[in-house]
2 protein chains.
Amino acid sequence: MTKPDNAPNLYDQWLDSLSESGYRVTAPRRAIVEIVANSPRALGPLEIYDQGRAEYRGLGLVTVYRTLEKLEELGLVQRVHHPQGCHMYLRAADGHEHLVLCTSCGKAEYFSGDNIDKLTHAVARKTGFEIREHWLQLFGLCSDCKNK
Amino acid sequence: MTKPDNAPNLYDQWLDSLSESGYRVTAPRRAIVEIVANSPRALGPLEIYDQGRAEYRGLGLVTVYRTLEKLEELGLVQRVHHPQGCHMYLRAADGHEHLVLCTSCGKAEYFSGDNIDKLTHAVARKTGFEIREHWLQLFGLCSDCKNK
DNA sequence: TTGATATTGAAAACCTTTTTCAATTATAGC
DNA sequence: GCTATAATTGAAAAAGGTTTTCAATATCAA
Ligand SMILES: [Mn+2]
Ligand SMILES: [Mn+2]
Ligand SMILES: [Zn+2]
Ligand SMILES: [Zn+2]
């Protein structure tokens, strides 16, 4: 039920991944990783910068951009298109998953098991397109925001 | 099979719609409407500006932004999030429809009859979200680009 | 501990979108 | 067809957000 204490958390996993890829583990990167890995919402660069400075005083916004670039390259983080902004970042999906997003607080959750194959084929037949990918996002109120 | 010659086309419809809403029909607006209404692809402001100047020499980029704003407000045009850009504009959907987009030439087609209700309910049950909207876009190669 | 080099933040550059403003233009009413 | 009024226009400036440049600093393999 509960995770064993020694299970590596995202924070450690991400730092290890940076390290193993030859990138250095620095104080600004630790601050950024800490924030993004633990956020239940997709965050924009400026939000990460603001929250990040609480952990590492001298953090620069440029470093936020550069670090997100690397985390994305390593597949640890993914960009999310949100009505509130198109450059939001969230921990990456685990395989083929899509997002449900709370329109009130921004909370993001992945789900799997979409059932759009039939639809995909029908559209392919009707339009003549050869379909290769899809974007799907659901929006609504999370359970917290619903009860308020 | 073919549309009668007197069937109002999008160009005329949009100009009428502007007029009926109290907006004035001007040369720059005609140029912009002409281009966006007839485009098979979603276009960005700068593309519209470039193409528009071919029709109306003195067109300003500001006017493109302002006109798109009004066309969107009137429900004639909608914003499309594209991998190539998040501020692309396309004639609006007719009711509840979604897009298939060609990753090669950008061609956009609407389709209807999505079948994601079961999925929506399953996700609602599993996550506790009350789902109100969804975004769905399919990507692939259009029939022209496929045969090349 | 040291040295090669990756990383950093500040500042400048860049690019896109919005605001400001004086001149122009559409259109309703005559 | 004119005219008066108010909407619309494009240029220029301002505002935002992202990227590039660069000299100083910090990491980490040896
Ligand atoms: Mn899917
Ligand atoms: Mn739908
Ligand atoms: Zn919520
Ligand atoms: Zn977007």
Side-chain angles (χ1 to χ4, degrees), chain A residues 12 14-36 42-74 76-77 79-89, chain B residues 12 14-36 42-74 76-77 79-89:
Chain A
D12 291 325
W14 291 13
L15 295 184
D16 286 352
S17 178
L18 281 166
S19 197
E20 278 160 28
S21 306
Y23 294 124
R24 294 180 179 176
V25 174
T26 65
R29 285 183 180 165
R30 278 192 295 264
I32 293 164
V33 164
E34 155 93 47
I35 284 159
V36 180
L43 300 172
L46 207 69
E47 290 176 293
I48 297 169
Y49 173 61
D50 284 336
Q51 296 185 34
R53 278 197 301 182
E55 309 231 343
Y56 177 71
R57 204 96 299 276
L59 181 63
L61 180 56
V62 221
T63 301
V64 173
Y65 280 99
R66 290 190 281 225
T67 301
L68 286 172
E69 200 172 273
K70 280 168 182 70
L71 294 176
E72 189 174 28
E73 169 199 324
L74 296 177
L76 302 172
V77 142
R79 184 176 160 195
V80 174
H81 294 254
H82 217 267
Q84 283 78 16
C86 282
H87 288 85
M88 313 282 284
Y89 292 84
Chain B
D12 291 325
W14 290 13
L15 294 184
D16 287 352
S17 179
L18 281 166
S19 197
E20 278 161 27
S21 308
Y23 294 122
R24 294 179 178 177
V25 174
T26 65
R29 286 183 180 164
R30 278 193 294 267
I32 293 164
V33 164
E34 156 91 48
I35 284 159
V36 179
L43 299 172
L46 206 69
E47 289 175 294
I48 297 168
Y49 173 61
D50 284 336
Q51 295 185 35
R53 279 197 300 182
E55 309 232 341
Y56 177 72
R57 203 97 300 276
L59 181 63
L61 180 55
V62 220
T63 302
V64 173
Y65 280 99
R66 291 190 281 225
T67 301
L68 286 173
E69 199 172 273
K70 280 168 182 70
L71 294 177
E72 189 174 26
E73 168 199 325
L74 297 177
L76 302 172
V77 142
R79 183 176 161 196
V80 174
H81 294 254
H82 218 267
Q84 282 79 14
C86 283
H87 288 85
M88 314 281 284
Y89 291 85

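Each chain gets a letter, A, B and so on, in the order its sequence line appears, and its residues count up from 1.
- The main-chain N or O of G52(A) is never found under 3.5 Å from a side-chain atom of E55(A) such that the two would form a donor-acceptor pair.
- Taking atom CD1 on I48(A) and atom C1' on dG17(D), their separation rounds to 14 Å, with Å as the unit.
- Regarding contacts with the backbone of dT8(C), a side-chain N or O of T26(A) is found under 4.0 angstrom from either OP1 or OP2.
- If you measure from atom CE of M88(A) to atom C1' of dG17(D), you get 14 Å, rounded to the nearest angstrom.
- Mapped onto DNA chain C by nearest heavy atom, P45(B) and Y23(B) fall at different nucleotides, with P45(B) at the one closer to the 5' end.
- Between the CD atom of E72(A) and the P atom of dT19(D) there is a distance of 11 Å, given to the nearest Å.
- The base of dT5(C) sits within donor-acceptor range of the side chain of R24(A), with an N or O pair under 3.5 Å.
- In this structure, L61(A) places its CG atom 14 Å from P of dA11(C), rounding to the nearest Å.
- In this structure, the separation between CG on L15(A) and CZ on R29(A) is 10.5 Å, given to the nearest 0.5 Å.
- dC14(C) atom P lies 17 Å from atom CG of L46(B), rounded to whole Å.
- Atom-to-atom, OH of Y49(B) to C1' of dT17(C) comes out at 14 Å; the value is rounded to the nearest Å.
- Atom pair D50(B):CG and dT16(C):C1' shows a separation of 14 Å (rounding to whole Å applied).
- Nearest-nucleotide mapping onto DNA chain C: of H87(B) and A27(B), the residue sitting toward the 5' end is H87(B).
- Within the structure, a side-chain polar atom (N or O) of R29(A) is placed less than 4.0 Å from OP1 or OP2 of dT8(C).
- Closest to the side chain of Y65(A), out of dT18(D), dA11(D), dA11(C), is dT18(D).
- Comparing dC22(D), dT8(D), dA11(C) by their closest approach to the side chain of R66(A) singles out dC22(D).
- Atoms CD (E20(B)) and P (dT27(C)) sit 13 Å apart, rounded to a whole Å.
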(message) Go through it in stages, so that I can follow the logic: the residues are V36(B) and W14(B), the test is side chain to side chain contact (heavy atoms under 4.5 Å, CB included), and I'd like the CA-CA distance, side-chain angles, deciding distance and then a yes or no.
(response) CA-CA 10 Å; V36(B) 179; W14(B) 290 13; 4.0 Å; yes

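- Side chains of K70(A) and Y23(A) form a contact here, defined as non-hydrogen atoms less than 4.5 Å apart.
- Each of V33(B), L71(B), T67(B), I32(B) was compared with V77(B) under the side chain to side chain contact (heavy atoms under 4.5 Å, CB included) criterion, and only L71(B) meets it.
- In this structure, G22(B) and V62(B) both approach DNA chain D, and ranking their closest nucleotides by distance from the 5' end singles out G22(B).
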